[in-house]
Amino acid sequence: MNLPELKKDFYQRFNSSDNFLHFTANGLLCALLGYTDIEYAPSLTFTLSMRIQMFSRKMGGGLINIEESSTNKCFSYHLGTPSKLFRGKEKFIAELVESLNIYNQNGTDILYDCSIPDFLPRKEVFSVALAQSLFKVNNIEYDTTDIAAACASLCDVTPLIGILSSQKGYCSHISSGKPQKLPLPLSGYKIISAHCTEKDGDRSKYIKYAFDKINRIYPHVMSISDITPEIFNGAKNTIKDKTALRYMYHLTNENVRIKSASDALKRCNIKMLFAEMKSSQKSMERFWDIGNEHITLAKCCENVEGIVAFRSWLNGIIAITEEDKIDYVIDMIRHEFENNIGYHPTFCVSDAF
């Protein structure tokens, strides 16, 4: 839905008022390299044009009304109501609003439009948009840290930081400290994401085990981003679980790839990023225990004209594709995947947001 349509919808749904209408928009976070779901792991991220757009307006009283443009359902929350009285999605929203109560909120009307498909994660994007809207309505000055802190009890901090630090034409190197913005010259390219029904695995316990072993030998290593190949080689004999050893080997070398790509992007060398994404994919296929359907999707992208880089992401892949080859690439992936797996993957086409 475009902005004039969303604004018109807002005025049709809510009572008339002269109060100022605030707008916020945030795209779905995507990792070019690294992982946003692994605590203290570095990543190169940017946001996609699949996004949440939100209009908000201050109202009198202590009632917050939230509606999605695709429904006629209104979630109403009276400030001060215990969030434990809610269930499901409504409980999450109530908890988020409750976490912001320290800022002495006013009643608010909110309408949002979401172009993120149901099979992709929305929680972090929605949380950022809602927190920003409530801060704006209540005239509260804020920065990235304030929003991340407000939502951190309900969401992982790293994706929040990635969404908040996103800027069109740039990607964010997220490690320790403040995110670093790097040029991302993707003019002439589109982002194809293809998704299967096979879910990705949970590697957290293996990674924590391996990290703890390394940290015991090298106490100065405070995060995964601190682990160099030399440190890993010095500690790998203490990691007895072979699965954990493979995962940490991949993450250690992913650190090197992120450093290489970041240095190249400072010079606007996009081809080095593409090369490191391909290297990361090969490493995942060998060491990361990604599923057969995910590997098949990646194999479908190999040697397809128009795809300049691809990498497994969430329950599928992302492929950076020449703009004039979109239809051809989707047809090739769909045909090859169906021949091997037996059903069509789901596709989304987006830009960098």
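What you see is a predicted model; the values in this text were computed from it and never measured.
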Kindly compute the distance separating [atom1] ([X]) from [atom2] ([Y]), expressed to the nearest 0.5 Å.
X: Leu314; Y: His195; atom1: CG; atom2: NE2; result: 7.0 Å
X: Cys301; Y: Ile333; atom1: SG; atom2: CD1; result: 4.0 Å
X: Leu297; Y: Glu336; atom1: CG; atom2: CD; result: 11.0 Å
X: Ile258; Y: Asn253; atom1: CD1; atom2: CG; result: 11.0 Å
X: Ile93; Y: Ser76; atom1: CD1; atom2: OG; result: 11.0 Å
X: Leu184; Y: Leu44; atom1: CG; atom2: CG; result: 9.0 Å

How close do [X] and [Y] get, heavy atom to heavy atom, and via which atoms?
X: Ala352; Y: Leu186; result: CB-CD1, 4.4 Å
X: Asp226; Y: His220; result: OD2-O, 4.2 Å
X: Leu33; Y: Glu276; result: CD2-O, 3.6 Å
X: Cys300; Y: Phe337; result: SG-N, 3.6 Å
X: Thr238; Y: Ala235; result: OG1-O, 2.6 Å
X: Pro121; Y: Leu28; result: O-CD1, 3.2 Å

Do [X] and [Y] get their side chains close enough for a donor-acceptor pair, meaning under 3.5 Å?
X: His335; Y: Asp331; result: no
X: Thr158; Y: Asp156; result: no
X: Thr197; Y: Tyr343; result: yes

Would the number of heavy atoms belonging to other residues, nucleotides or ligands and lying under 6.0 Å from [atom1] of [X] be above 12?
X: Lys181; atom1: NZ; result: yes
X: Asn303; atom1: CG; result: no
X: Lys7; atom1: NZ; result: no

Quick one: do [X] and [Y] make a salt bridge, cutoff under 4.0 Å?
X: Asp212; Y: Arg216; answer: no
X: Asp351; Y: Lys190; answer: yes
X: Arg13; Y: Glu67; answer: yes
X: Lys205; Y: Asp202; answer: no
X: Glu285; Y: Lys282; answer: no
X: Glu254; Y: Arg257; answer: yes

Determine, using the 4.5 Å side-chain heavy-atom cutoff (strictly less than), whether [X] and [Y] are members of one ILVMFWY cluster.
X: Met54; Y: Phe10; answer: no
X: Tyr142; Y: Val125; answer: yes
X: Ile307; Y: Ile318; answer: no
X: Ile231; Y: Val256; answer: no
X: Ile341; Y: Val329; answer: yes

Check the angle between the aromatic planes of Phe92 and Phe126 and answer parallel, tilted or perpendicular using the 30° and 60° thresholds.
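The rings of Phe92 and Phe126 sit tilted, inter-plane angle from 30° to 60°.
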Do any N or O atoms from the side chain of [X] and from the backbone of [Y] form a donor-acceptor pair under 3.5 angstrom?
X: Asp146; Y: Asp143; value: yes
X: Tyr77; Y: Thr81; value: yes
X: Ser127; Y: Cys151; value: no
X: Arg267; Y: Leu265; value: no
X: Ser165; Y: Ile163; value: no
X: Ser350; Y: Ser49; value: no
X: Lys136; Y: Phe23; value: yes
X: His344; Y: Glu338; value: no
X: Ser133; Y: Ala129; value: yes
X: Tyr112; Y: Ile66; value: no

[X] and [Y] aromatic centres sub-6.0 Å:
X: Phe20; Y: His22; result: yes
X: Phe86; Y: Phe75; result: yes
X: Tyr218; Y: Phe211; result: no

Counting C-beta onward and ignoring hydrogens, is there a side-chain heavy-atom pair between Met248 and Phe232 closer than 4.5 Å?
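Sidechains of Phe232 and Met248: in contact.
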Given side-chain hydrogen bond (donor to acceptor under 3.5 Å, both in side chains), test Asn340 with Glu293 step by step and report yes or no.
CA-CA 9 Å; Asn340 284 276; Glu293 292 187 19; over 6 Å; no
Pairing residues for Ser43 by the side-chain contact (heavy atoms from CB on, under 4.5 Å) criterion, not counting sequence neighbours:
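For Ser43 the side-chain contact (heavy atoms from CB on, under 4.5 Å) partners, ignoring immediate neighbours, are Thr36, Thr45, Ile174.
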For Met284, all residues meeting side-chain contact (heavy atoms from CB on, under 4.5 Å), sequence neighbours excluded
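With sequence neighbours excluded, Met284 shows a side-chain contact (heavy atoms from CB on, under 4.5 Å) to Tyr35, His250, Ser280, Gln281, Trp288, Ile290, Arg311, Ser312, given in chain and number order.
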Positive for side-chain contact (heavy atoms from CB on, under 4.5 Å) with Ile110, one of Asn65, Val137, Leu134
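Going through the options one by one, the only one that passes is Leu134.
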For residues 106-119, which residue pairs qualify under salt bridge (Lys or Arg N to Asp or Glu O under 4.0 Å), counting only residues two or more places apart or in two chains?
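For residues 106-119: Arg57-Asp109, Asp118-Arg122.
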